[in-house]
Amino acid sequence: MTFQELQIGDYFRIPGLSAGYVYRKASHSHCSVNTLLQPIRPQTTVIPLTSIEIKNYFATKQEYLQSLRRN
């Protein structure tokens, strides 16, 4: 699948990059990672995340933030 085929708001990964990098389609030409907008080519190959993968991503992120508060 390519970036242009995603809907705005969809979460995805880019093949070959660390699995920890989760992107979100912000517009037809930009995506966000950790709230920072980054340009992306429409023909970039992407791997859309399933609803379970999105849940796991946010659960892991929440656990990490809670661990920071404890320290």
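All figures in this text were calculated on a predicted structure; none of them were measured in a lab.
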Which other residues end up in the same hydrophobic cluster as [X], if Ile, Leu, Val, Met, Phe, Trp and Tyr are linked when side-chain heavy atoms come under 4.5 Å apart?
| X | answer |
| --- | --- |
| L49 | Y11, V22, I54, Y57, F58 |
| L36 | none |
| I40 | M1, F3, L6, F12, I14, L17, Y21, Y23, V33, V46 |

Least distance between heavy atoms, S32 atom then A26 atom:
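For S32 versus A26, the nearest heavy atoms are N-CB, 4.5 Å.
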Once side-chain hydrogen bond (donor to acceptor under 3.5 Å, both in side chains) is applied, what residue pairs with a partner in residues 33-52 remain, sequence neighbours excluded?
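Every pair satisfying side-chain hydrogen bond (donor to acceptor under 3.5 Å, both in side chains) with a residue in residues 33-52: T50-E53.
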Partners meeting side-chain contact (heavy atoms from CB on, under 4.5 Å) with T2 (sequence neighbours left out):
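Only Q4, E5 meet the side-chain contact (heavy atoms from CB on, under 4.5 Å) criterion with T2.
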Excluding sequence neighbours, so at least two apart, what forms side-chain contact (heavy atoms from CB on, under 4.5 Å) with S27?
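Partners of S27 under the side-chain contact (heavy atoms from CB on, under 4.5 Å) test: S29, H30.
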Does the side chain to side chain contact (heavy atoms under 4.5 Å, CB included) test come out yes or no for Y64 and T60, once each step is laid out?
CA-CA 6 Å; Y64 173 71; T60 302; 5.7 Å; no
R13 side chain to A19 main-chain N or O, any donor-acceptor pair under 3.5 Å?
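Yes.
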